[in-house]
Participant: 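The structure's right below; bear with me while I get my questions together.
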Number of protein chains: 2
Amino acid sequence: MRDLARTREKILEAARAEFCAKGLAGARTAAIARRAGVNKRMLFYCFGSKEDLYYEILRRKSAESERFLESMPDRMSAALVQWDEKCREDVDWVRLLEWEALDLSAGPVVIQPARRRFFKAAVAKLRLAQEQGHLSDEPDIAHLFISLVAVTLFPYAFPQLARLITGMAPTDENFLAERTEFLRWLGDRLAPRGRPAARREGAAQRADGAGSGERRGPR
Amino acid sequence: MRDLARTREKILEAARAEFCAKGLAGARTAAIARRAGVNKRMLFYCFGSKEDLYYEILRRKSAESERFLESMPDRMSAALVQWDEKCREDVDWVRLLEWEALDLSAGPVVIQPARRRFFKAAVAKLRLAQEQGHLSDEPDIAHLFISLVAVTLFPYAFPQLARLITGMAPTDENFLAERTEFLRWLGDRLAPRGRPAARREGAAQRADGAGSGERRGPR
DNA sequence: TGATCAAATCACCAGACGGTTAATTAGCCC
DNA sequence: GGGCTAATTAACCGTCTGGTGATTTGATCA
């Protein structure tokens, strides 16, 4: 019945919910404790301060989302649909990213190396898809990646705008249907010009990629 | 020396800055008053409550941004570049949209009819561009519009992700140069298949989409 | 069983915060 | 000048909030 590890997890879960809903400033430690069914004192016993708990949540969530990219399909239309699904299923993650973005004081707190590696790998994967002819070889891959993330995150990050524009909430199933269709179209549009949509797994043959080999990568 | 209208405006300006930076929950009425060089009592004298003041700011900003679309170019590449510029110049607006998105209790408070009309007009304008052959006629226009807004807003709404992905802050002028080039490419990609990039019609024909003639100069 | 120590609880605090009461002062009309 | 109104200020209040010191309770082991 007495189990500190269990208590920590109950707090983390409750804190995640509360911080996702209200953010750092808006969240109340008392509310977290209540939600966790735990004495408020335990928050500070386990995590030191409200802020420390918050950044712990942020760190965990961003680490947790590292895995989701590993199974990214080569074909862009499929990848976009998959990302969209991920966002819809984990709106809390989107909201945490948003709180983090607005927290001007956050600084590089949550920018641990693992996160950098994650995005580097993502861009590399995309570049590979490009070399294999799944993607037009004209655009800057980093910016393409940002934009693809943007397109999939956006409706869940700004539901009020999605609703104003389409008249539907992004949770609406009609929205989902339309969105999926659109993302498929967009993904295929990003394929090289000659080829409407790159074949799956034809990996071998590179599309020669003439002059576009320059890696103008970040850093 | 005594001028209530002036006082109101000083408060509104200070409140805008404070709310953009900290959001509703994070902002402090005392800080707003200090920033405005005004007695704290005046906030409540003029606007009733912190919340009322906040939603007044939200309403004003969203009304203010109604105009910026009127001059939207037909050509998608030019439109994207212009929107990007708008976002970069008015990051506060982006941040307010973000705070609004996260405020679950906001409800339809700021969804006044004017805003609906604004987006309706935007979609209509885009649909017109589609009919005139500036845009592929396949995609759902509402979803295309969301996505274009997404692509232009995103780097300023999630600067931490932009930095993680490209290695640069979105305020960096190198970022601007790359981003502009990318947006031009993307815009042209949305043109109908046969036509790489639709002609401007009235204006003298641009140097088509070949990409190298663009003025990528910052500012 | 009883000593021990960590997990959990209780009661409380100092300061911050949104908001208000009441007094003061500046402009304005006569 | 003198009264009148409204803009402005000073001081204050009740409540909420993150955080803490002291205490109790339960498991573990000799």
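The sequence lines fix the lettering, A, B, ..., with proteins before strands; numbering per chain opens at 1.
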Participant: Are any non-hydrogen side-chain atoms of A/Lys10 and A/Arg6 less than 4.5 angstrom apart?
Facilitator: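 With C-beta onward as the side chain, the pair touches.
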Participant: Please enumerate all residues that pass side-chain contact (heavy atoms from CB on, under 4.5 Å) together with B/Arg35, with sequence neighbours excluded.
Facilitator: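 Residues passing side-chain contact (heavy atoms from CB on, under 4.5 Å) with B/Arg35: B/Ala14, B/Ala17, B/Glu18.
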Participant: Is the shortest heavy-atom distance from the side chain of B/Asp84 to the side chain of B/Leu176 under 4.5 Å?
Facilitator: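 Yes, their side chains come closer than 4.5 Å.
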Participant: Starting from P on D/dA10, measure out to CZ on B/Arg34 and report it in whole angstrom.
Facilitator: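 Roughly 15 Å, once rounded to whole Å.
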Participant: Just wondering, more than 12 heavy atoms not from B/Arg163 lying within 6.0 Å of its CZ?
Facilitator: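 Result for CZ/B/Arg163: open.
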Participant: List the protein contact pattern of nucleotides 1-17 of chain C with one symbol per nucleotide (5' to 3'): B for base contact, S for sugar-phosphate-only contact, - for none; contact means a heavy-atom distance under 4.0 Å.
Facilitator: -----BBBBB------S
Participant: Looking at residues at least two apart in the chain, or sitting in another chain, which of them share a ring-ring contact (aromatic ring centres under 6.0 Å, His included) with B/Phe47?
Facilitator: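 For B/Phe47, no residue satisfies ring-ring contact (aromatic ring centres under 6.0 Å, His included) once neighbours in sequence are set aside.
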Participant: The helix from C/dT1-D/dA30 to C/dC30-D/dG1: angle between its terminal axes, five pairs each, to 10°?
Facilitator: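 Overall, the helix from C/dT1-D/dA30 to C/dC30-D/dG1 bends by 0° from one end axis to the other.
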Participant: Using the salt bridge (Lys or Arg N to Asp or Glu O under 4.0 Å) rule, take B/Arg127 and B/Glu131 through it: C-alpha gap first, then chi angles, then the decisive distance, then the call.
Facilitator: CA-CA 6 Å; B/Arg127 212 181 301 273; B/Glu131 284 166 8; over 6 Å; no
Participant: What's the spacing between B/Met76 CE and B/Ser136 OG if we round to 0.5 Å?
Facilitator: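 Going from the CE atom of B/Met76 to the OG atom of B/Ser136 covers 12.0 Å.
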Participant: Any residue in residues 8-18 of chain A with a heavy atom nearer than 4.0 angstrom to DNA chain D? Just list them by number, or reply none.
Facilitator: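 Output list: empty, so none.
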Participant: Suppose we screen for side-chain contact (heavy atoms from CB on, under 4.5 Å). Which residues come up paired with A/Phe182, at least two apart in sequence or across chains?
Facilitator: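 A/Arg179, A/Trp185, A/Leu186, B/Pro139, B/His143, B/Leu144, B/Ser147.
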Participant: Could you tell me the separation between the CG atom of B/Leu43 and the P atom of D/dA10, rounded to a whole number of Å?
Facilitator: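 It is 15 Å, rounded to the nearest whole Å.
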Participant: Could you tell me the separation between the CZ atom of B/Arg6 and the P atom of C/dG27, rounded to a whole number of Å?
Facilitator: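 Going from CZ in B/Arg6 over to P in C/dG27 covers 16 Å.
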Participant: Does A/Leu102 reach the side chain of B/Trp99, with side-chain heavy atoms less than 4.5 Å apart?
Facilitator: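 Yes - at least one pair of side-chain heavy atoms lies under 4.5 Å apart.
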Participant: Rounded at 0.5 Å granularity, tell me how far CZ in B/Phe154 sits from CG in A/Leu153.
Facilitator: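 So the CZ of B/Phe154 and the CG of A/Leu153 are separated by 5.0 Å.
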Participant: How many whole angstroms separate atom CZ of B/Phe47 from atom C1' of C/dT20?
Facilitator: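 Distance, rounded to whole Å: 18 Å.
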Participant: Quickly work out the A/Glu51 CD to D/dT17 P distance and round it to whole Å.
Facilitator: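 Atom-to-atom, A/Glu51 to D/dT17, this comes out as 17 Å.
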Participant: Is B/Trp83 reaching over with its side chain to a backbone N or O of B/Val149, donor-acceptor style, under 3.5 angstrom?
Facilitator: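 No; zero donor-acceptor contacts below 3.5 Å.
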